[in-house]
2 protein chains.
Amino acid sequence: MGAVKHDVFQAIADPTRRAMLQLLANKNLPISEITAHFPISRTAIVKHLHILSEAQLVQGTKVGREKIYQLHPEPLVEVKDWLSFYEQFWSNKLALLKYQMEKD
Amino acid sequence: MGAVKHDVFQAIADPTRRAMLQLLANKNLPISEITAHFPISRTAIVKHLHILSEAQLVQGTKVGREKIYQLHPEPLVEVKDWLSFYEQFWSNKLALLKYQMEKD
DNA sequence: TTGACATAACACCAAATGGTGTCATATATT
DNA sequence: AATATATGACACCATTTGGTGTTATGTCAA
């Protein structure tokens with residue numbers, strides 16, 4: 001899919017890709033087995049895996065004729081860090097109210 | 001942009017939209033002032049605001065001839081909750097190692 | 001060695017994305 | 001009343017996305 005490098009935020013934007021991460025959280029799996037869990041074609045699965053790879057969220061290793069994919073959750077830290085800025089707003093209803101009133 | 005309802009994950013996938021949220025975190029702003037902060041056209045900004053609105057991340061209120069946009073960070077909790085599942089993996093290097101070895 | 005299996009590599013397609021510009025309308029301002 | 005400002009509503013466009021199917025190649029197993 002193009003020369004564009006996908007980042008973590010784009011990678012997790014698609015529900016199918018999030019489901020794929022969930023699946024790989026339990027077990028490392030080859031493409032064929034991943035495909036068996038979804039109603040879409042193997043080709044489509046491979047494209048999603050490619051996007052997840054670009055975002056460094058999964059890593060594939062060829063073993064014999066299979067390519068085993070493994071979850072690599074570290075890049076999600078970037079999302080967590082981004083979110084932490086907004087936690088101040090929802091973590092405390094009073095803080096939220098204060099913020100709403102003061103900011104303009 | 002179509003009849004599709006955007007969710008939070010799609011909404012935050014775009015860097016411009018994330019920057020818009022950041023901007024609105026400081027102050028409620030009308031469309032014209034939001035536009036002044038970005039190198040793209042007002043039309044493009046309005047489309048991004050529409051996507052953020054669908055995801056309930058911002059809310060616009062018409063005041064006179066202006067439409068003031070306000071941050072509405074609550075839906076980000078969904079992202080936080082989703083992320084919490086993966087925290088087990090990176091929060092602890094030992095747990096990660098254990099997980100890598102045991103899962104297959 | 002002959003299939004069967006797993007993946008790679010294409011070509012193709014409809015729809016969504018992210019952007020542009022123009023024109024109309026409503027509201028301030030002078 | 002005339003003008004400037006702010007937004008709404010379109011029409012348009014190139015590229016990306018998410019999917020399809022087909023064909024080729026490498027590998028395991030009987």
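Letters A, B, ... are given to chains in the order of the sequence lines, protein chains preceding strands, and every chain is numbered from 1.
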Exercise for the section: Let me know the distance between NZ of B:Lys47 and P of D:dA9, rounded to the nearest Å. Expected result: 14 Å
Practice task
Specify the separation, in whole Å, of atom CD1 of B:Ile68 and atom P of C:dT27.
Solution key: 14 Å
Completion exercise
note: A:His50, atom NE2; C:dC10, atom C1'; distance rounded to Å ~ 15 Å
Practice task
Check if the side chain of B:Thr43 and the base of C:dG19 share a donor-acceptor pair of N or O atoms closer than 3.5 Å.
Solution key: no
Practice task
Would you indicate, yes or no, if C:dT17 has its OP1 or OP2 atom less than 4.0 angstrom from a side-chain nitrogen or oxygen of B:His6?
Solution key: yes
Exercise for the section: Taking only the side-chain nitrogens and oxygens of B:Gln10, find out if one of them lies under 4.0 Å from OP1 or OP2 of C:dA16. Expected result: no
Exercise for the section: For A:Leu49 and C:dA8, give me the distance from atom CG to atom C1', rounded to whole Å. Expected result: 13 Å
Problem - Side chains of B:Leu24 and B:Leu52 in contact at under 4.5 Å (non-hydrogen atoms) - result: no
Exercise for the section: For DNA chain C, determine which residues of residues 14-22 of chain B have any heavy atom closer than 4.0 angstrom to one of its atoms, and list them numerically. Expected result: B:Asp14, B:Arg17
Exercise for the section: Kindly compute the distance separating CD (B:Glu66) from OG (B:Ser32), expressed to the nearest 0.5 Å. Expected result: 5.5 Å
Practice task
Side-chain contact test, heavy atoms from C-beta onward, threshold under 4.5 Å: evaluate it for B:Ile68 versus B:Lys62 and give yes or no.
Solution key: no
Practice task
Could you pick out which residue, A:Val63 or A:Ala13, lies toward the 5' side of DNA chain D when each is mapped onto its nearest nucleotide?
Solution key: A:Ala13
Exercise for the section: Report the distance from atom CD1 of B:Ile45 to atom C1' of C:dG21, rounded to the nearest whole Å. Expected result: 16 Å
Handout entry: Check: A:Val58 and A:Gln70 side chains under 4.5 Å, non-hydrogen atoms
Key = no
Practice task
For residues A:Leu71 and A:Leu57, determine if any side-chain heavy atom of one lies less than 4.5 Å from a side-chain heavy atom of the other.
Solution key: no
Problem - Student check: side-chain heavy atoms of B:Tyr69 and B:Asn28 closer than 4.5 Å - result: no
Problem - CD1-CZ distance between B:Ile51 and B:Arg17, expressed to the nearest 0.5 angstrom - result: 4.0 Å
Problem - B:His48 side chain near C:dG19 phosphate (N/O to OP1/OP2, under 4.0 Å) - result: yes
Practice task
Check whether any side-chain heavy atom of B:Leu49 lies under 4.5 Å from a side-chain heavy atom of B:Lys67, and answer yes or no.
Solution key: no
Handout entry: Residues A:Lys27 and A:Glu33 bridged, charged N to O under 4.0 Å
Key = no
Practice task
Let me see the working for B:His6 and B:Glu54 under side-chain hydrogen bond (donor to acceptor under 3.5 Å, both in side chains), right down to the final yes or no.
Solution key: CA-CA 6 Å; B:His6 295 83; B:Glu54 280 183 328; 2.4 Å; yes
Problem - Any A:Phe89 side-chain heavy atom under 4.5 Å of B:Leu76 side chain - result: no
Between the protein and nucleotides 1-6 of chain C, are there any N/O to N/O pairs under 3.5 Å, and if so, what are the atom names and distances?
residue: C:dC5; atom: O2; partner: A:Arg65; partner atom: NH1; Å: 3.0

Practice task
Using the six-membered ring wherever Trp is involved, compare the ring planes of A:Tyr86 and A:Trp82 and label them parallel, tilted or perpendicular (cut-offs 30° and 60°).
Solution key: tilted
Practice task
Specify the angle, to 10°, made by the local axes at the two ends of the helix from C:dT1-D:dA30 to C:dT30-D:dA1 when five pairs are taken at each end.
Solution key: 20°
Practice task
Check the distance between D:dT16's P and A:Asp7's CG and give it to me in whole angstrom.
Solution key: 15 Å
Fill in the blank from the handout: From CD1 of B:Ile12 across to P of C:dG18 the rounded distance in Å is 13 Å
Handout entry: Short side-chain N/O contact to C:dT20 OP1/OP2 from B:Ser41, under 4.0 Å
Key = yes
